[in-house]
Amino acid sequence: MRLFFGRPSVRYFLATVMVCATFVLVCRERAAAQEFPPPGKMIDIGGRKLHLNCSGKGSPTVILVAGGGAFSIDWALVQPRVAETTRVCSYDRAGLAWSDVGPADETVEQTVSDLHTLLSKAGESGPFVLVGASVGGIYIQAYQRTYPDQIAALVFTNSSNRIGRLVNGKAALIWDMTEDQIRSAFPLSASDKGPAPTSEDDPFDRLPQNLRTVRLWLETKLWQRWEPTKESPESTLSWRKELLTEFGETDTKEHPMGKLPVVVLSSEPAASVSAGHSHDAAAARLDFLSSNTAHITAAGSGHEIHLYQPEAVVNAIVRAAGAVRSGSQLSHR
């Protein structure tokens with residue numbers, strides 16, 4: 001008879017150690033998740049939750065829409081100041097910060113639908129002033145087109161200008177590429193993931209120290225979850241479709257948004273008429289979306305004006321909200 005007391009005992013011991021180690025790891029992960037709770041509320045939008053952080057009172061309600069891969073806390077230098085004058089909310093899109101992932105994260109269609117549902121479920125009522133930073137500018141235009149009756153004004157802060165992709169080693173603007181060309185760039189390479197983040201550098205080092213710590217934690221979580229070899233082209237294809245729609249609107253109509261108050265805050269001066277009809281860049285045509293537009297130049301600012309020159313963003317939002325309340329024409333600068 002062959003006895004196996006020793007080997008099963010070792011297996012049992014190792015299994016026990018593994019279970020205990022797993023338990024400790026899970027506990028640590030849960031503790032980490034609770035170490036930095038969301039500053040706002042988690043709102044159920046139908047089987048998943050998004051993080052919404054609102055403050056202040058008054059009308060119109062300002063909605064802050066962050067750029068690609070950015071978080072609601074990135075508005076920390078702006079939101080408290082705006083809250084002194086009116087209601088203001090920042091939020092995290094699906095798959096970012098505290099918000100649950102969705103079926104098609106960062107696509108225009110899901111982003112617009114999610115935000116509409118989020119505001120409704122949270123009991124936030126319009127009229128809304130939408131503020132879009134970087135690629136957030138694409139989202140707020142799409143939202144205004146889908147729900148025009150809810151939108152009282154738009155504010156763009158260095159809205160995305162040139163969005164490109166590398167295909168076969170060559171860079172091209174996504175609106176100049178075919179769908180097949182974009183699809184051929186995916187999935188990405190494992191090397192695209194890069195090293196784990198270890199600090200919050202420029203411009204996020206402008207945030208208070210406690211928020212830099214939170215942001216590093218959020219960025220690390222996002223890095224851990226991201227798998228470039230499983231990345232799909234859907235968000236890029238969605239952006240391409242939206243940008244082509246936006247080009248088409250300004251190509252065929254002088255002021256596609258009519259008299260809607262629009263503030264364009266940019267680190268570049270106002271565009272010429274010819275630039276506004278060019279497809280070489282996307283931001284120039286923003287100055288011609290409405291007959292009631294003000295262009296403000298944040299001279300010397302980096303891309304994230306809400307971090308480099310937050311006072312300029314606050315002033316732009318206050319001007320837009322003031323124009324909504326008074327029904328007056330925005331003064332041009």
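All heavy atoms count here, side chains included; hydrogens, waters and symmetry mates do not.
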Just by modelled atom types, is the G258 backbone N or O under 3.5 Å from a matching donor or acceptor in the S290 side chain?
yes
When you group the ILVMFWY residues by side-chain heavy-atom contacts below 4.5 Å and let the links chain together, are L260 and V263 in the same group?
no
Between R225 and G95 (side chain of the first, backbone of the second, donor and acceptor by atom type, cut-off under 3.5 Å), is there such a pair?
yes
For residues L265 and Q309, determine if any side-chain heavy atom of one lies less than 4.5 Å from a side-chain heavy atom of the other.
no
Side-chain donor/acceptor of D287 to backbone N/O of V264, under 3.5 Å:
no
Checking one residue: V273. Which other hydrophobic residues are in its cluster under the side-chain 4.5 Å linking rule?
F288
Are more than 12 heavy atoms from other residues, nucleotides or ligands located less than 6.0 Å from atom NZ of K193?
yes
Begin from the C-alpha positions of I151 and L130 and carry the test side-chain contact (heavy atoms from CB on, under 4.5 Å) through to its verdict.
CA-CA 7 Å; I151 306 307; L130 298 186; 3.6 Å; yes
Find out whether T297 and H295 are in side-chain contact, i.e. whether some heavy atom of one side chain is under 4.5 Å from a heavy atom of the other.
yes
From K121 NZ over to D114 CG, what is the distance, rounded to the nearest 0.5 angstrom?
12.5 Å
Give me each pair satisfying side chain to side chain donor-acceptor pair (under 3.5 Å) with a member in residues 250-260, each pair once, sequence neighbours excluded.
D251-H279
With sequence neighbours left out, write down each residue that passes salt bridge (charged side-chain N to carboxylate O under 4.0 Å, His left out) with R325, or none if nothing qualifies.
none
Treating T61 as the side-chain partner and F128 as the backbone partner, does any N or O pair qualify as donor plus acceptor under 3.5 Å?
no
Indicate yes or no for a side-chain donor-acceptor contact from Q110 to the backbone of S235 under 3.5 Å, with no hydrogens or angles considered.
no
Can you name the side-chain hydrogen bond (donor to acceptor under 3.5 Å, both in side chains) partners of E268, sequence neighbours left out?
none
Using the rule given for salt bridge (Lys or Arg N to Asp or Glu O under 4.0 Å), can you reason through E304 versus R206, listing the C-alpha separation, both sets of side-chain angles and the distance that settles it, and then say yes or no?
CA-CA 11 Å; E304 295 83 358; R206 289 165 167 75; over 6 Å; no
Quick one, N292 and Q329 - any side-chain contact, counting heavy atoms below 4.5 Å?
yes
Is there a side-chain contact (heavy atoms from CB on, under 4.5 Å) between Q144 and L154 once you walk through the steps?
CA-CA 8 Å; Q144 188 277 335; L154 297 180; 4.2 Å; yes
Assess whether atom CG of D202 is packed by more than 12 heavy atoms of other residues, nucleotides or ligands within 6.0 Å.
yes
A side-chain contact here means heavy atoms from C-beta on lying under 4.5 Å apart; do Q181 and R165 qualify?
no
For side-chain contact (heavy atoms from CB on, under 4.5 Å), just list the numbers for V88 and S55, CA-CA rounded to whole Å, side-chain angles, deciding distance to a tenth of an Å, and then say yes or no.
CA-CA 6 Å; V88 57; S55 53; 3.7 Å; yes
Residues in side-chain contact (heavy atoms from CB on, under 4.5 Å) contact with P197, at least two apart in sequence or another chain
L216, E219, T220, W223
Could you go through the side-chain contact (heavy atoms from CB on, under 4.5 Å) check for I317 and V78 one step at a time?
CA-CA 10 Å; I317 295 171; V78 170; 4.0 Å; yes
Output every pair passing ring pair (Phe, Tyr, Trp, His ring centres under 6.0 Å) with a member in residues 57-96, not counting sequence neighbours, ordered by first then second residue.
W75-H306
Counting only N and O atoms by type, is there a donor-acceptor contact under 3.5 Å from the side chain of N161 to the main-chain atoms of A281?
no
Indicate whether any N or O donor in one side chain lies under 3.5 Å from an N or O acceptor in the other, for D201 and S199.
yes
Residues that R87 engages under salt bridge (charged side-chain N to carboxylate O under 4.0 Å, His left out), provided they are two or more places apart
E124
By side-chain contact (heavy atoms from CB on, under 4.5 Å), A284 pairs with (sequence neighbours left out) A271, A275
Mind checking whether I73 and F204 have side chains closer than 4.5 Å, heavy atoms only?
no
Are any side-chain N or O atoms of S301 and backbone N or O atoms of Y308, one a donor and one an acceptor, separated by less than 3.5 Å?
no
Taking the side chain as every heavy atom from C-beta outward, state whether L289 and Q141 have any pair of such atoms under 4.5 Å apart.
yes
Taking ring pair (Phe, Tyr, Trp, His ring centres under 6.0 Å) as the cut-off, I'd like each qualifying pair that reaches into residues 153-186, sequence neighbours left out, listed once.
W175-F247
L166 and A185 have their tightest heavy-atom pair at O-CB, 3.8 Å
Quick one: closest heavy-atom pair of G302 and N158, and the distance?
O-ND2, 3.4 Å
For S90, is there any backbone N or O sitting under 3.5 Å from a side-chain donor or acceptor partner on N53?
no
Sequence neighbours excluded, every pair satisfying salt bridge (charged side-chain N to carboxylate O under 4.0 Å, His left out) that has a member inside residues 95-111
R93-E106
Closest non-hydrogen atom pair, Y147 against V112:
CE1-CG1, 3.8 Å
For the student: nearest non-hydrogen atoms of R215 and L207, plus distance:
CD-CD1, 4.0 Å
Please report the shortest heavy-atom distance between D192 and P228, naming the atom on each side.
CB-CB, 4.3 Å
Does any part of the side chain of P208, heavy atoms only, come nearer than 4.5 Å to the side chain of L77, both counted from C-beta?
yes
Residues in side-chain hydrogen bond (donor to acceptor under 3.5 Å, both in side chains) contact with T107, at least two apart in sequence or another chain
none
Under a 3.5 Å distance rule, please check whether S238 uses its side chain to pair with a backbone N or O of E234 as donor and acceptor.
no
Looking at H51 and W98, would you say the former's side chain and the latter's main chain have a donor-acceptor pair under 3.5 Å?
no
Side chains of W226 and E231 in contact at under 4.5 Å (non-hydrogen atoms)
yes
Same apolar cluster: M42 and L118, side chain cutoff 4.5 Å:
no
Find the distance between NE2 (H116) and CD1 (I45) and round it off to the nearest 0.5 Å.
12.0 Å
Can V65 be reached from L222 by stepping across I, L, V, M, F, W or Y side chains whose heavy atoms are under 4.5 Å apart?
no
Please report the shortest heavy-atom distance between V135 and G68, naming the atom on each side.
CG1-N, 3.2 Å
The criterion is side-chain contact (heavy atoms from CB on, under 4.5 Å); which residues satisfy it with R81, sequence neighbours excluded?
E84, E311, V314
